[in-house]
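Proteins come first, then strands; the chains are lettered A, B, ... in the order of their sequence lines, and each starts at number 1.
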Number of protein chains: 2
Amino acid sequence: MLTNSEENYLKEIYNLEEYFNTEINTNLIAKKIDAKASSVTDMLKKLANKDLLIYQKYKGVKLNTNGKKKALSVIRKHRLWETFLVEKLDFNWDEVHDIAEELEHIRSEKLTNHLDAFLNFPVVDPHGHPIPNKEGDFKKMETICLSNLGIKQEGVLVGVKNSSDTFLRFLSNKNISIGCKIKVVHKEEFDNSLSINIGNNQFNISENVANNLYLKK
Amino acid sequence: MLTNSEENYLKEIYNLEEYFNTEINTNLIAKKIDAKASSVTDMLKKLANKDLLIYQKYKGVKLNTNGKKKALSVIRKHRLWETFLVEKLDFNWDEVHDIAEELEHIRSEKLTNHLDAFLNFPVVDPHGHPIPNKEGDFKKMETICLSNLGIKQEGVLVGVKNSSDTFLRFLSNKNISIGCKIKVVHKEEFDNSLSINIGNNQFNISENVANNLYLKK
DNA sequence: ACTAATATTTAGACTAGCCTAAAAATATTT
DNA sequence: AAATATTTTTAGGCTAGTCTAAATATTAGT
């Protein structure tokens with residue numbers, strides 16, 4: 001049985017591995033978890049002892065099959081609860097993250113699976129992130145980052161990379177949401193900012209924003 | 001902000017006060033919480049310091065207004081989640097207690113209130129226990145314990161006192177559920193066991209069982 | 001009212017998860 | 001390749017919540 005804290009470490013390490021595609025180092029985890037590096041070292045030893053990841057002093061860390069499975073179970077719960085909150089309880093997509101951080105640790109597997117069924121087995125959460133099924137499987141969507149789109153190209157927004165409250169609120173304020181058709185009108189050489197078209201509106205967005213939006217062509 | 005453990009103590013103390021209608025002593029709490037008396041003493045001091053209850057060494061304990069409010073908030077969440085599990089996720093009434101023990105500690109008030117609305121503001125949970133509203137108010141149902149019913153009298157089962165898995169499963173096996181019409185056919189002087197009638201069936205139940213069933217006449 | 005039994009509290013210890021500060025390893029710069 | 005900077009680990013400490021064992025209060029029995 002894992003503690004909430006252990007589950008959080010596994011989840012964040014999984015997310016970092018997805019993001020960076022390399023061995024994950026102590027400081028990176030510390031930043032994500034918002035703890036000191038020394039605390040992370042302690043926990044990594046503990047998780048290695050529990051056969052959830054491979055840890056070599058000074059060499060970073062990598063989840064093993066076991067650890068990946070646990071991480072995916074937490075992520076599954078997180079995303080199902082987010083979906084529940086938005087679809088059934090009328091929450092906005094920028095309000096659900098912190099609550100899901102608590103709900104993701106509820107232990108009953110039966111609960112998770114019944115919730116999944118109740119929601120009609122959703123495949124993506126309100127931020128466009130894939131929801132693993134009971135077995136931990138999910139398919140990676142073929143998407144392209146808005147910043148990689150050429151001039152005059154367009155696509156439908158299917159996911160956001162960063163799902164912090166502040167970023168999501170920024171998008172909401174500009175009326176940008178999952179399902180929007182986005183067209184690149186102009187790209188500024190100088191700072192890689194973009195002029196984009198959504199419906200009848202035209203905006204300017206920074207490269208940073210564009211890096212966090214994923215489209216389907 | 002209260003920890004899960006503090007919330008559990010407040011909840012159990014509240015339940016004990018309801019049940020016994022007297023000051024609650026250390027050992028009683030220890031049994032309910034499944035901890036040692038010494039651990040209970042520690043926690044009582046802590047809760048008294050936080051101005052949640054009145055504690056005098058060797059004299060037992062009593063929740064103050066503050067503590068009662070917190071206890072009721074936990075109880076509200078517990079009972080709303082139980083209702084959700086039974087009504088929306090197809091759980092049986094004997095499967096929901098342990099899961100609700102975890103869910104009752106999820107902190108968001110907005111979540112609780114949206115859940116309440118989603119369930120259409122239920123006033124009792126699946127075991128017939130009243131659900132406090134946002135303000136912590138609920139009305140005590142006028143009920144009579146089955147063991148206080150006279151021969152040939154009858155009523156509708158509206159609540160169970162004990163809602164342990166084992167008791168609820170016992171009732172399910174005998175097809176006794178909330179809403180059943182129960183009639184007392186015979187009362188055994190010797191051990192206060194009862195012959196009761198439900199629909200076309202006649203059973204014998206012990207005094208202990210009768211003590212845990214509440215009816216509306 | 002004294003003694004015995006029971007209930008409660010205190011004292012001291014343990015674990016998980018965090019911390020700070022110092023030491024050690026690794027990486028980078030010159 | 002030596003010196004410096006950065007990263008990581010170790011050592012030791014803290015808090016919450018638990019425990020056991022011993023000490024102290026209260027209650028009950030004679």
> Between A:His97 and A:His127, does the ring centroid distance fall short of 6.0 Å?
no
> Given side-chain contact (heavy atoms from CB on, under 4.5 Å), test B:Ile29 with B:Leu44 step by step and report yes or no.
CA-CA 10 Å; B:Ile29 299 170; B:Leu44 295 182; 4.1 Å; yes
> Taking DNA chain D as the partner, which of residues 20-36 of chain B come within under 4.0 angstrom of it by heavy atom?
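Per residue number, the list reads B:Ala35, B:Lys36.
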> Round to the nearest Å and state the distance from B:Leu44 atom CG to C:dT10 atom P.
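Rounding to the nearest Å, CG of B:Leu44 and P of C:dT10 are 11 Å apart.
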> Are a donor atom and an acceptor atom from the side chains of A:Asn8 and A:His105 found within less than 3.5 Å of each other?
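A:His105 and A:Asn8 do have a side-chain donor-acceptor pair below 3.5 Å.
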> Identify, residue by residue, the members of residues 2-16 of chain B with a heavy atom below 4.0 Å from DNA chain C, and return them in order of residue number, or none.
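None - not one residue of the stretch has a heavy atom sitting under 4.0 Å from the strand.
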> Name every residue in residues 52-60 of chain B that has at least one heavy atom under 4.0 Å from any atom of DNA chain C, in order of residue number, or write none if there are no such residues.
B:Tyr55, B:Lys57, B:Tyr58
> Can you confirm if the NZ or CZ of B:Lys88 lies within 45° of the ring axis of B:Phe118 and under 6.0 Å from the centre of its six-membered ring?
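Yes, B:Lys88 lies over the aromatic ring of B:Phe118.
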> For the residue pair A:Ser172 / A:Trp93, report whether a side-chain donor-acceptor contact shorter than 3.5 Å exists.
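Yes, side-chain donor-acceptor contact under 3.5 Å.
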> Roughly how many Å is it from NZ in A:Lys45 to C1' in C:dC18, rounded to a whole number?
14 Å
> If pairing requires Watson-Crick or G-U wobble contacts with both distances under 3.5 Å, which nucleotide is the partner of C:dT6?
D:dA25
> Quickly work out the B:Asp42 CG to C:dT9 P distance and round it to whole Å.
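Between P of C:dT9 and CG of B:Asp42: 10 Å.
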> Assess the side chains of B:Thr166 and B:Ser164: does a donor N or O sit below 3.5 Å from an acceptor N or O?
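A pair is found: one side chain offers a donor N or O, the other an acceptor, under 3.5 Å apart.
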> Let me know, please, whether B:Met43 or B:Ser38 comes out on the 5' side of the other along DNA chain D by nearest nucleotide.
B:Met43
> Heavy atoms, side chains only, cut-off 4.5 Å: are A:Leu53 and A:Ile13 in contact?
yes
> Can you tell whether the side chains of A:Glu6 and A:Lys70 come within less than 4.0 Å, N to carboxylate O?
no
> Are the ring centres of A:Tyr14 and A:Tyr19 closer than 6.0 Å?
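That pair fails the under 6.0 Å test.
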> Give a yes-or-no answer on whether the side chains of B:Ser206 and B:Asn208 include a donor-acceptor pair shorter than 3.5 Å.
no
> Indicate yes or no: does B:Asp98 engage A:Arg107 in a salt bridge with an N to O separation below 4.0 Å.
no
> Taking 4.0 Å as the cut-off, does a side-chain nitrogen or oxygen of B:Thr41 come that near to OP1 or OP2 on C:dT9?
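Yes, B:Thr41 has a side-chain N/O under 4.0 Å of OP1/OP2 on C:dT9.
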